[in-house]
Protein chains: 2
Amino acid sequence: MINNFKPTKSIGLTKINYFRIMLSKKTKYGLKALTYLARHQNDEGLVSIGDIAKCEKISRKFLESILLSLKKAGFLNAKKGKGGGYYLIKEASEIKMVDVFRVLEGPIAMLPCVSLNYYEECQDCPDEKSCGLHKLMIEVRDNTLKIFRNHTLQDLV
Amino acid sequence: MINNFKPTKSIGLTKINYFRIMLSKKTKYGLKALTYLARHQNDEGLVSIGDIAKCEKISRKFLESILLSLKKAGFLNAKKGKGGGYYLIKEASEIKMVDVFRVLEGPIAMLPCVSLNYYEECQDCPDEKSCGLHKLMIEVRDNTLKIFRNHTLQDLV
DNA sequence: CTTAATCCTACTTAACCGATAGGATAAAGG
DNA sequence: CCTTTATCCTATCGGTTAAGTAGGATTAAG
């Protein structure tokens, strides 16, 4: 095991769970890989999974699936066979954080009834427009979205 | 089972997980209970778990543990025995969302290295100050915090 | 002393995250 | 053509969590 996964921690009596709310390793690794690609692809052209996994200390097999997702999502492309590897399709400055997060992490909203892309009707709320929690979560979502839209991969390079 | 928990859903090829990032039922129920208390405690004085669970359609036993947490955190108090129940200690307008969230949901930051209350050094990042992801997450945290600090239970009533 | 409420500890179940395993496919180069 | 080396794909495992459940201990009113 390369990385110790510490989902919970106890401080005094209260148990903190970093598990939820927190960024998944999938997203973290994906961002690392994208950053690595943006840094190295110009020199050598193609970058292999093995290189990234080694340099960034990421489980190789896990990284495989992540890069595959990113490929399917249209961020990068791959060349198979000997001497193959991955390369970014877009410029780093054109890869928005919001898009990466949606692919790797999922919905940005904290409630389905507040999600732009994956909206789902609230089960136990008769009227969304008069729901205080709904309003609050809309506000949080909009602020987070704004930040993720204004940042690109270039900011991490 | 009172509430159907649908953690995952497939849309086309992509699997969406509402599980992470999303607000837990614990927090949702806790907020509902607090709102219920704020609405009803003036009339009858004490409000029992059973009443809240019934009206808000929440699993009674689960609600018990949530209210216990809220009591230990100092939001409300209880009177045991016949005719007993819960009552808010503070005014609804004095109960900040940020405090409720910290108790029920945990850290607000998306990374331990960005958490104000539960900071933990980043494992795979040599220098936090030069880390782009760190900066991004600080920005998200600050915006979310700002919103949660500016809202109170009164906004949900 | 019965009733009715909170308090407390432990357990169950389904799901997911992170990681692994094993092979299928594809391309380069001798 | 065949070996090597890379991505692609499916399936599974172990550990952990959220959500809910069970059963009783404690406390207080009437």
Side-chain angles (χ1 to χ4, degrees), chain A residues 1-10 13 15-30 33 44-54 57-72 76-87 104-106, chain B residues 1-10 13 15-30 33 44-54 57-72 76-87 104-106:
Chain A
M1 181 148 59
I2 297 174
N3 292 276
N4 291 332
F5 183 44
K6 287 197 288 180
T8 55
K9 190 186 172 185
S10 291
L13 287 171
K15 191 178 69 174
I16 302 126
N17 43 340
Y18 287 116
F19 186 64
R20 46 174 36 258
I21 297 298
M22 214 188 79
L23 216 61
S24 66
K25 284 207 184 292
K26 189 178 176 185
T27 303
K28 211 173 167 185
Y29 292 165
E44 311 142 28
L46 298 177
V47 182
S48 72
I49 294 175
D51 286 352
I52 306 174
K54 202 176 168 188
K57 285 163 194 162
I58 302 171
S59 152
R60 194 215 146 86
K61 279 290 187 180
F62 190 27
L63 187 57
E64 272 189 29
S65 67
I66 295 168
L67 289 176
L68 217 50
S69 302
L70 289 171
K71 188 199 161 199
K72 284 178 183 167
L76 36 82
N77 218 332
K79 196 178 157 223
K80 287 169 94 175
K82 202 170 184 177
Y86 283 97
Y87 57 96
L104 297 177
E105 195 73 28
Chain B
M1 182 149 59
I2 295 174
N3 291 276
N4 289 334
F5 183 42
K6 288 196 286 179
T8 57
K9 191 185 173 183
S10 292
L13 286 171
K15 192 179 68 174
I16 304 128
N17 44 338
Y18 287 118
F19 186 65
R20 44 176 41 257
I21 298 297
M22 213 189 80
L23 214 63
S24 66
K25 285 208 181 290
K26 188 178 175 184
T27 304
K28 211 172 166 186
Y29 292 165
E44 310 142 28
L46 298 177
V47 182
S48 73
I49 295 175
D51 285 351
I52 305 175
K54 202 175 167 188
K57 285 162 193 163
I58 302 170
S59 151
R60 193 215 147 86
K61 279 291 187 181
F62 189 27
L63 188 58
E64 272 188 31
S65 67
I66 296 168
L67 289 176
L68 217 51
S69 301
L70 289 171
K71 187 198 161 197
K72 282 176 183 168
L76 36 82
N77 219 331
K79 196 180 158 220
K80 286 170 92 176
K82 200 170 185 177
Y86 283 97
Y87 58 96
L104 296 178
E105 197 72 26

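This structure is a prediction, so every number in the text was calculated from the model and none was measured. In what follows, chains carry the letters A, B, and so on, assigned in the order in which the sequence lines appear, proteins first and then strands, with residues in each chain numbered from 1.
Here the CD1 atom belonging to B/Ile49 is positioned 5.5 Å from the CZ atom belonging to B/Arg60, to the nearest 0.5 angstrom. Here B/Leu63 contributes atom CG and B/Leu70 contributes atom CG; the two are 9.0 Å apart, rounded to the nearest 0.5 Å.
Along DNA chain D, the nucleotide nearest A/Lys80 and the nucleotide nearest B/Gly83 are compared for position; the residue whose nucleotide lies closer to the 5' end is A/Lys80. The residue among B/Gly85 and A/Lys61 whose nearest nucleotide of DNA chain C lies closer to the 5′ end is B/Gly85.
Counting only Watson-Crick or G-U wobble pairs whose defining distances are both under 3.5 Å, the stems of 3 or more consecutive pairs in DNA chain C are C:1-30 with D:1-30.
One atom, NZ of A/Lys54, and another, P of D/dT5, lie 14 Å apart when rounded to the nearest Å.
A/Arg60 has no side-chain polar atom (N or O) that falls below the 4.0 Å cut-off from OP1 or OP2 of C/dG18. Side-chain nitrogen and oxygen atoms of A/Lys71 include at least one within less than 4.0 Å of the OP1 or OP2 phosphate oxygen of D/dC8. Put simply, B/Tyr86 has a side-chain N or O that comes within less than 4.0 Å of OP1 or OP2 on C/dC7. Distances shown here put every side-chain N or O of B/Ser65 at or beyond 4.0 Å from the OP1 or OP2 atom of C/dC8. When the side-chain nitrogen and oxygen atoms of A/Ser48 are compared with OP1 and OP2 of D/dT5, none of them lie within a distance under 4.0 Å. Neither OP1 nor OP2 of C/dG18 sits under 4.0 Å from any side-chain N or O of A/Tyr29.
Residue-level contact check: A/Leu67 touches neither bases nor backbone, having no heavy atom under 4.0 Å from any strand. Backbone-only engagement by B/Lys72 is indicated by non-hydrogen atom pairs under 4.0 Å involving sugar-phosphate atoms exclusively.
For the pair A/Val47 and A/Tyr87, the minimum side-chain heavy-atom distance is 4.5 Å or more.
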